[in-house]
Amino acid sequence: MKDKTLPRGLRNNNPLNIIRSATKWQGMSETQTDKHFVQFKTLAYGYRAAFLLIRTYMRKYGLLSIEQIIRRWAPPSENNTAAYIRTVSEMSGIKRDAMLHWQNEAEMIALVQAMAYVENGRIVMSDSIREGYKLAVKGVEG
C-alpha cells in the first residue's frame, strides 16, 4: 500500500501525471486503480513514459521549447500554464523559448525533474529520472 501522504503522481509512480489512454506503456502496473492517471511499477518506468511523450511532442508536433511542450502538456483550460512554464524554466535553468534537444541527457533530465516538481509540489531527487531517460533512449534506439 502506497503512503497516502505522497502526492498522487508519486503514489502512482507517474511523476508527470500521464493521463490514462489506450497506450499500453512498458512497466505499467497490471492493476490500474486510478481512474484518471496511469500507474507504473516503478518511478523509472513513469519517467520513461514521460521522456517518450516529450520525444513525441518534439518529433511529431514540432514542439521544441519548454513553452511549447508545456502548453500542450498542461493546457490553460486545466492548469495555470504560465506559472508552470515559468517554474520549469527557472528550475531547469533553460530559457522558456530555447530549442531543446532530446539527445541532450542533462537538458532532458533538468526539464523532466522541474516538471515533476510542478506536478507533485516537491523536488523528486532520485536516480529513477536518469534510469527512465536511459530506458527511453534504449527503447527508441534498440
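Predicted model only: the values in this text are computed from it and were never measured.
- Looking at heavy atoms from C-beta onward, Val112 lies in side-chain contact with Leu16 at the 4.5 angstrom threshold.
- The side-chain hydrogen bond (donor to acceptor under 3.5 Å, both in side chains) check on Arg8 picks up Asp34, with sequence neighbours excluded.
- The CD atom of Glu90 sits 13.5 Å away from atom NZ of Lys95, with the distance rounded to the nearest 0.5 Å.
- By the side-chain contact (heavy atoms from CB on, under 4.5 Å) test, Glu67 pairs with Ser65, Arg71, Ile85, Arg96, sequence neighbours left out.
- Contact between Ser92 and Ala110 at its shortest, heavy atoms only, is CB-O, 3.7 Å.
- A 4.5 Å side-chain heavy-atom check between Gln26 and Tyr45 finds at least one atom pair inside the cut-off.
- Leu111 is not listed as a side-chain neighbour of Glu107, based on a closest heavy-atom distance of 4.5 Å or more.
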Query raised in the report: Can you list the steps and then say if Leu100 with Ile69 is a side-chain contact (heavy atoms from CB on, under 4.5 Å)?
Result: CA-CA 10 Å; Leu100 299 168; Ile69 290 167; 3.6 Å; yes
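- By the side-chain hydrogen bond (donor to acceptor under 3.5 Å, both in side chains) test, Glu30 is found to be paired with Lys41, residues two or more places apart in sequence or in another chain being considered.
- In terms of the salt bridge (charged side-chain N to carboxylate O under 4.0 Å, His left out) criterion, Asp97 has no residue partners (sequence neighbours excluded).
- Sorted by first then second residue, the ring pair (Phe, Tyr, Trp, His ring centres under 6.0 Å) pairs that include residues 59-90, not counting sequence neighbours, are Tyr57-Trp73.
- Qualifying side-chain hydrogen bond (donor to acceptor under 3.5 Å, both in side chains) partners for Thr33, counting only residues two or more places apart in sequence or in other chains: Gln39.
- Pairs passing the salt bridge (charged side-chain N to carboxylate O under 4.0 Å, His left out) check and including a residue from residues 42-52, sequence neighbours excluded, do not occur.
- Judged as a ring pair (Phe, Tyr, Trp, His ring centres under 6.0 Å), and not counting sequence neighbours, the contacts of Phe51 are Tyr133.
- Inter-residue side-chain proximity for Met115 and Ile54 is flagged as met; some heavy-atom pair is nearer than 4.5 Å.
- Summarising the geometry of Leu6 relative to Arg11, their closest heavy-atom pair is O-NH1, 2.6 Å, with the distance given to 0.1 Å.
- Closest of all the heavy-atom pairs between Ile123 and Met91 is CG1-CE, 4.2 Å.
- Between Val124 and Gln113, every side-chain heavy-atom pair lies at or beyond the 4.5 Å cut-off.
- Leu52 is not listed as a side-chain neighbour of Tyr47, based on a closest heavy-atom distance of 4.5 Å or more.
- Heavy atoms only, all atoms of each residue included: Ala49 and Phe40 are closest at CB-CZ, 3.5 Å.
- Under the side-chain hydrogen bond (donor to acceptor under 3.5 Å, both in side chains) criterion, Ser89 pairs with no residue at all, not counting sequence neighbours.
- In the hydrophobic cluster analysis, where Ile, Leu, Val, Met, Phe, Trp and Tyr join through side-chain heavy atoms closer than 4.5 angstrom, Ile66 is grouped together with Met99.
- No side-chain donor-acceptor contact under 3.5 Å links Asn79 to the backbone of Thr81.
- Residues satisfying the side-chain contact (heavy atoms from CB on, under 4.5 Å) test with Arg130, not counting sequence neighbours, are Glu105, Ile109, Lys134.
- Pairs passing the side chain to side chain donor-acceptor pair (under 3.5 Å) check and including a residue from residues 14-23, sequence neighbours excluded, read Asn17-Glu119, Ser21-Thr23.
- Considering only heavy atoms from C-beta on, Leu63 stays 4.5 Å or farther from Met58 through its side chain.
- In summary, of the residues considered (Thr42, Asn13, Leu43, Leu135), a side chain to side chain contact (heavy atoms under 4.5 Å, CB included) with Ser128 occurs for Leu43 alone.
- Side chains of Ile18 and Phe37 form no contact here, defined as non-hydrogen atoms less than 4.5 Å apart.
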